[in-house]
Protein chains: 2
Amino acid sequence: MSYTYEYPRVALTVDGVVFGLDGGELKVLLIERGIAPFKGQWALPGGFVHENETLEAAVARELEEEAGLHGVFLEQLYTFGAVRRDPRERIVSVAYYALVNLADHTTRAATDAADARWFPAARPPGLAFDHAEILTMALQRLRGKLRYEPVGFELLPEKFTLTQLQQLYESVLGVPLDKRNFRKKVLGFDLLIPLEETFRDGPHRPAQLFRFDPARYEQLKQEGFHFEL
Amino acid sequence: MSYTYEYPRVALTVDGVVFGLDGGELKVLLIERGIAPFKGQWALPGGFVHENETLEAAVARELEEEAGLHGVFLEQLYTFGAVRRDPRERIVSVAYYALVNLADHTTRAATDAADARWFPAARPPGLAFDHAEILTMALQRLRGKLRYEPVGFELLPEKFTLTQLQQLYESVLGVPLDKRNFRKKVLGFDLLIPLEETFRDGPHRPAQLFRFDPARYEQLKQEGFHFEL
DNA sequence: TTGACAAAGTGTAAAAATGACACTAAATAC
DNA sequence: GTATTTAGTGTCATTTTTACACTTTGTCAA
């Protein structure tokens, strides 16, 4: 089967930068390439856009196929269109970034037949194509998003402690934060619901568990509220 | 001549949302469509991406061809990939927004043979395809950019007064700003160079002219400075 | 059982940033 | 020379941000 057009067409792909948080460290999901070019090197999961799916659906499908991930938070990052970014032919790629809660998703990705692994996002191995550039941009974007929108919760389990939340911010933004000021600010937003449960983890006082209240956030946003950490 | 591929390929275009400032009002450049679909309606300038040009080069070329614009500030906005956004076939479009100084560029665009005109960005005519959605997103992005990065100068002549700058912010952000506080803050950044010249405009005290110092901005950015208005 | 340990949790005061506010200065036109 | 119009300037109250140290509550081991 072949497809013919009156004018040449550039090929269109999507790539996904999937972030996860593992023990306070930000990780990125990479796939080992099985074919040339860059055979054996690590790359972002991705692939061609089908004719009847949206861009976001294409990324979601690729993440499912290549890493067994589904239902993750996805947002468009940037479209990369350098002429020689793929050595074979002209390929333009729409990059998305994804945030997953590693606790829920780690198993399937780690045990998938295709070699998919989590690497420290700040020190990835050598990457195929222009994927290092894509990753760098995704990291910058994540930092920005984290500051100005409450997306960090996507990286945490549904129930989390304030310490976990703070560590997430410290780890992604790369700056230490004051415990009291952090808690004061975060709780002041009125976006976290304290649960009845506590989290026990070692020989010390257990921590209060919270969950994020997305409905409340939508409501506040309507009222002109502007999240900023 | 025809081009054949093993798999179907979606078509890839670029669109440009060109903003200009006219007498304190934000305008957007639109092109009247000469062919179906949406013949006679207004649309964003744009067109197909050639095989040997980057996305940004494609927008720049289209803006030159369709509106006689060149050398404008361009930044990628978003890539629109809804399956039915074009009634003819599947077309994915990478949208850019552009900022131009109308004083320099207005003539050519207004007198071009193809019908290209400036419309109030906040009250555009009915637009072809999903271009209303693209314009809306561009406006949101412009507001965000204006707040957090000094891009507003792209919309003004090289030499401008603080009143012009303030009116630009008020007009785009849609809020009145206090004259003294605005000047205090803007001048405090140390990014504006006062010129020897003044601007005479009517029977009143003439205004000091300034120009933006991009080199200084780059230097401050290195040092961790963060523009915010 | 009790004492050592470890992380959770909590308030205040100084400093900085923001926001509100009204008059004088300099040019033109009549 | 006087009326008109926009440019240009400083202070104080309020809010926000930052710096900082001790008590609580659980586990574990002696």
Side-chain angles (χ1 to χ4, degrees), chain A residues 21 23-25 146-148 150 156-157 159-171 173-211 220 223-229, chain B residues 21 23-25 146-148 150 156-157 159-171 173-211 220 223-229:
Chain A
L21 202 66
E25 190 182 26
L146 219 51
R147 272 227 167 67
Y148 300 116
L156 294 175
K159 302 168 182 184
F160 53 86
T161 68
L162 291 181
T163 300
Q164 286 175 308
L165 185 64
Q166 182 177 345
Q167 282 171 351
L168 156 63
Y169 272 86
E170 291 181 326
S171 151
L173 299 180
V175 291
L177 300 171
D178 179 88
K179 185 163 43 155
R180 278 180 288 192
N181 294 339
F182 180 83
R183 294 161 105 94
K184 205 187 318 173
K185 188 161 211 169
V186 170
L187 292 178
F189 292 141
D190 215 23
L191 287 170
L192 299 187
I193 299 172
L195 304 175
E196 300 303 314
E197 294 169 80
T198 56
F199 181 69
R200 286 182 168 67
D201 170 42
H204 50 80
R205 176 172 179 177
Q208 171 79 247
L209 282 167
F210 293 83
R211 68 176 183 82
L220 285 172
E223 298 168 9
F225 163 81
H226 175 75
F227 180 91
E228 176 168 351
L229 202 128
Chain B
L21 201 66
E25 189 180 28
L146 218 53
R147 271 228 167 63
Y148 301 114
L156 295 175
K159 301 169 182 181
F160 52 87
T161 68
L162 291 182
T163 299
Q164 285 176 308
L165 185 64
Q166 182 177 344
Q167 282 171 350
L168 155 62
Y169 272 85
E170 290 182 326
S171 151
L173 300 181
V175 292
L177 300 171
D178 180 88
K179 185 159 51 153
R180 279 179 288 194
N181 293 339
F182 180 82
R183 294 161 106 93
K184 206 188 314 173
K185 188 161 210 172
V186 171
L187 291 177
F189 291 141
D190 216 23
L191 286 170
L192 299 187
I193 300 172
L195 304 176
E196 300 303 313
E197 293 169 82
T198 57
F199 181 69
R200 288 183 166 68
D201 172 43
H204 53 81
R205 179 172 177 174
Q208 173 79 247
L209 282 167
F210 292 83
R211 68 178 184 80
L220 285 172
E223 296 167 12
F225 161 80
H226 175 73
F227 180 92
E228 175 167 353
L229 202 126

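Letters go in sequence order (proteins before strands), and every chain restarts at 1. Note that this is a predicted model, so its numbers are computed, not measured.
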B/Pro194 meets the side-chain contact (heavy atoms from CB on, under 4.5 Å) criterion, sequence neighbours left out, with B/Gln208, B/Phe210
Which whole-number value in Å describes the distance from B/Gln208 CD to D/dT9 C1'?
14 Å
Would a 4.5 Å heavy-atom cut-off, applied to side chains only, mark A/Leu21 and A/Leu156 as touching?
yes
Output all residues satisfying side-chain contact (heavy atoms from CB on, under 4.5 Å) with A/Lys179, sequence neighbours left out; order by chain, then residue number.
A/Gln166, A/Arg183
Can you pull the contact range of chain B along DNA chain C, 5' to 3', using atoms under 4.0 angstrom from its heavy atoms?
C/dT18 to C/dT28
Got a sec, which pairs hit salt bridge (Lys or Arg N to Asp or Glu O under 4.0 Å) with one end in residues 188-198 of chain B, sequence neighbours left out?
B/Lys159-B/Glu197, B/Asp190-B/Arg216
If I compare all heavy atoms of B/Thr161 with all of B/Gln164, which pair ends up nearest, and what's the gap?
N-OE1, 2.8 Å
Is the shortest side-chain heavy-atom distance between A/Phe227 and A/Leu220 below 4.5 Å?
no
Starting from P on D/dG10, measure out to CG on B/Leu187 and report it in whole angstrom.
12 Å
Without decimals, in angstroms, what is the distance between B/Glu228 CD and D/dT17 P?
11 Å
Quick check: closest heavy atoms across A/Tyr169 and A/Leu146, and the distance to 0.1 Å?
OH-O, 3.2 Å
Holding to salt bridge (Lys or Arg N to Asp or Glu O under 4.0 Å), I want the full list of residues that pass it with B/Lys185, two or more places apart in sequence or in another chain.
none
Partner set under side-chain hydrogen bond (donor to acceptor under 3.5 Å, both in side chains) for A/Glu228, not counting sequence neighbours:
none
Strand-adjacent residues in residues 163-170 of chain A, judged by heavy atoms under 4.0 Å from DNA chain D
none
How would nucleotides 20-30 of chain D be written as a contact map, 5' to 3', with B for base contact, S for sugar-phosphate-only contact and - for no contact, using protein heavy atoms under 4.0 Å?
BB--BBBBS--
Compile the donor-acceptor pairs under 3.5 Å between side chains in residues 198-207 of chain A and protein atoms, sequence neighbours left out, one pair per line.
from: A/Thr198; atom 1: OG1; to: A/Arg200; atom 2: NH1; distance (Å): 3.3
from: A/His204; atom 1: NE2; to: A/Asp201; atom 2: O; distance (Å): 2.5

